Amino acid sequence: MTNQNVVISNSESGINMSITVAVSNSSIFATTAQKPPPAPGGCGGGGGYISISRTKILKDLDVNGGWIESMRASSPTHVKSLSSLSAADDHHHNSWTLHHPSALDMFDQIIEASKGKQIVMFLDYDGTLSPIVEDPDKAFMSEAMRKTVKKLASCFPTAIVSGRCRDKVYGFIQLSELYYAGSHGMDIKGPTKSSKFKKADNKSLLFQPASEFLPMIDEVYQKLVEKIKSTPGAKVENNKFCISVHFRCVDEKQWNNLAQEVKSVVKDYPKLRLTQGRKVLEIRPTIKWDKGKALEFLLEALGYANCSDVFPIYIGDDRTDEDAFKVLRERDQGFGILVSKVPKDTHASYSVREPSEVMQFLQRLVQWKRPPLLRRHCRV
C-alpha cells in the first residue's frame with residue numbers, strides 16, 4: 001500500500017494543505033474516512049465499498065445474459081405516455097412515484113430539511129444538464145441552463161460529476177468556478193476561478209487516483225476502435241481514465257454482437273472492468289473508486305467531511321450515479337434526485353423527469369435566498 005498526497009496550496013499565504021489518500025492494488029480511500037453505516041431504506045444495502053465480480057460482469061454482458069432487457073428498461077426508445085399505460089403499468093408508476101416523488105412538488109419539504117445546513121450541489125452532465133443525444137459530441141447544454149448553473153455556483157458549492165473526460169465536460173459547460181470530477185470521479189480538479197465556498201484555496205486541487213492506468217486505457221481504446229469499426233453507428237470515446245462504447249445509433253439486432261466484440265478485448269485486461277450505462281458500455285479500472293467516492297472526496301476537500309450541518313444534493317440520471325445516491329443514504333445526509341421519465345430501481349429519494357425540470361429545480365434553489373452561512377459544528 002502506498003500513500004498519495006493531494007496538495008492544495010494557497011499561493012498568497014504560502015500554506016500547503018495535504019489530503020493523504022491510501023492506495024492499494026484493490027482500494028482507494030481517504031485515510032480519515034470510516035465505513036458508513038448500512039443504507040437506511042432504499043434498494044440494496046451494505047457498506048460503501050463496492051465488490052466487483054469480474055466473471056459476473058462479463059457473464060451479464062454475454063449473449064444469454066439479461067442485459068438487453070435491462071438496457072431497454074433503463075433507456076427506452078419511446079417512453080409511454082401516461083394515457084397509454086396499462087392498469088398494471090399505471091399502478092407500478094404510481095407506486096414508484098409515491099416512493100420517489102417529484103423534487104419540484106416536494107421542494108418546500110427539501111428546503112425545510114436543509115435549514116441550518118450548508119447545501120452542496122453535485123450534478124451529472126449528460127441527461128441531467130443536457131439532453132441525451134445520438135452524437136455524444138453534440139450534447140450541448142442550453143444557454144439558459146448554463147446561466148442557471150452559474151447562478152447556482154454563486155449560492156452553493158457546486159461540482160460536476162460525470163463519466164466524461166474532465167476536459168470535455170468543461171468544454172461543454174465552460175464555467176471555471178465549479179469543481180469538476182470527470183471519468184466517473186477519477187479525475188478531480190478544483191475551480192480555476194475564486195469561490196467563496198472553500199476550506200482552503202482549492203484552485204490547485206487535482207486528484208487522479210487511476211493515473212497508472214493511462215497507458216492501458218490508451219492501448220485498449222485503440223484496439224476497440226479497430227475492433228468495432230465494422231459496426232455501423234458504434235462510437236468509441238476516450239474519456240482519459242475510462243472508455244465509453246456508445247451504441248445508441250446501433251441497430252438493436254447488433255447489440256449482442258457489439259457486446260461480444262467489446263468483451264473479447266476487455267477479457268485480456270484483468271485490471272479493467274466492463275459496466276453498462278444508458279446505451280453505452282464503459283471500460284474502467286478495477287480500483288474501488290466511483291461517483292460516490294468522488295462525492296465524499298469533494299466534501300472533504302471543501303471541509304465538510306465530518307460536519308453535521310452539511311446538506312449534499314446530487315442530481316443524476318444514470319446507473320453510475322447510483323453510487324452517489326447510495327452514499328447519501330448511508331451518510332443520512334442530503335438527498336439524491338433521479339432524472340427519469342420511467343420507474344427505475346434507485347437509491348435516490350426524489351425524481352424529476354428531464355433536464356428542463358432539473359433547471360426548474362435549480363432555479364428555485366437560486367431564488368430561495370439562503371441566510372448567511374452558519375458556523376459549522378464539526379465533530380472533532
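Since the structure is predicted, the reported quantities are computational estimates derived from the model, not experimental observations.
For the side-chain hydrogen bond (donor to acceptor under 3.5 Å, both in side chains) with H246, the lone residue among E237, E134, K235 that qualifies is E237. The salt bridge (Lys or Arg N to Asp or Glu O under 4.0 Å) test with R278 singles out one residue from D126, D124, D321, D317, and that residue is D317. None of F107, F311, F325 except one satisfies the ring-ring contact (aromatic ring centres under 6.0 Å, His included) rule with F335; the exception is F311.
For the atom pair I160 CD1 and L123 CG, the distance stands at 4.5 Å (nearest 0.5 Å). Within the model, atoms CG of L175 and NZ of K147 stand 12.0 Å from one another, a figure rounded to the nearest 0.5 Å. Considering CD of E261 and OG of S230, their distance stands at 6.0 Å, rounded to 0.5 Å. Once rounded to the nearest 0.5 Å, the distance linking CZ of F172 with CG of L129 reads 12.0 Å. Note that NE2 of H100 and OG of S102 are 13.0 Å apart. Values are rounded to the nearest 0.5 Å. For the atom pair Q276 CD and D318 CG, the distance stands at 9.5 Å (nearest 0.5 Å).
Two residues are said to be in side-chain contact when any heavy atoms from C-beta on lie closer than 4.5 Å; M186 and K240 fail this criterion. For the pair I313 and V120, the minimum side-chain heavy-atom distance is 4.5 Å or more. The shortest distance between side-chain heavy atoms of I283 and R273 does not fall below 4.5 Å.
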Check the pair E322 / R319 against salt bridge (charged side-chain N to carboxylate O under 4.0 Å, His left out), numbers first and verdict last.
CA-CA 5 Å; E322 290 299 326; R319 288 185 176 201; over 6 Å; no
I would like to know whether D309 and K117 meet salt bridge (charged side-chain N to carboxylate O under 4.0 Å, His left out); could you show each step before the answer?
CA-CA 4 Å; D309 60 351; K117 301 177 182 180; over 6 Å; no
Quick one: do D137 and K168 satisfy salt bridge (charged side-chain N to carboxylate O under 4.0 Å, His left out)? Show the steps, please.
CA-CA 9 Å; D137 290 334; K168 183 171 290 186; 3.6 Å; yes
Dump the intermediate steps for salt bridge (charged side-chain N to carboxylate O under 4.0 Å, His left out) on E177 and K150, then the final yes or no.
CA-CA 8 Å; E177 57 266 50; K150 184 177 180 65; 3.1 Å; yes
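At distances below 3.5 Å, at least one donor-acceptor pair connects side-chain atoms of W289 with backbone N or O atoms of G185. Between the side chain of E219 and the backbone N or O of P215, no donor-acceptor pair lies under 3.5 Å. Using modelled atom types, no side-chain atom of R164 and backbone atom of Y170 make a donor-acceptor pair closer than 3.5 Å. Between the T158 side chain and the F156 main chain, a donor and an acceptor come within less than 3.5 Å of each other. A donor-acceptor pair is defined here as one N or O able to donate and one able to accept, closer than 3.5 Å; such a pair exists between the side chain of Y125 and the backbone of A139. With Q254 contributing its side chain and T231 its backbone, the two residues share no donor-acceptor pair below 3.5 Å. Put simply, the side chain of Q118 never gets that close to the backbone of Y304: no donor and acceptor are under 3.5 Å apart. Of the possible donor and acceptor atoms, one in the side chain of W255 sits under 3.5 Å from a partner among the backbone N and O of V250. Proximity of a side-chain donor or acceptor of T286 to a complementary backbone N or O of K271 within less than 3.5 Å is detected.
Looking at K293 and E296, no side-chain N of the basic residue comes within less than 4.0 Å of a carboxylate O on the acidic one, giving no salt bridge.
One side chain, K223 or Y269, offers a donor N or O that lies under 3.5 Å from an acceptor on the other. Side chains of N239 and S244: a donor on one and an acceptor on the other come within 3.5 Å. Side-chain contact, T320 with K291: a donor N or O sits under 3.5 Å from an acceptor N or O.
A chain of hydrophobic side-chain contacts below 4.5 Å, direct or via other Ile, Leu, Val, Met, Phe, Trp or Tyr residues, connects L214 to M216.
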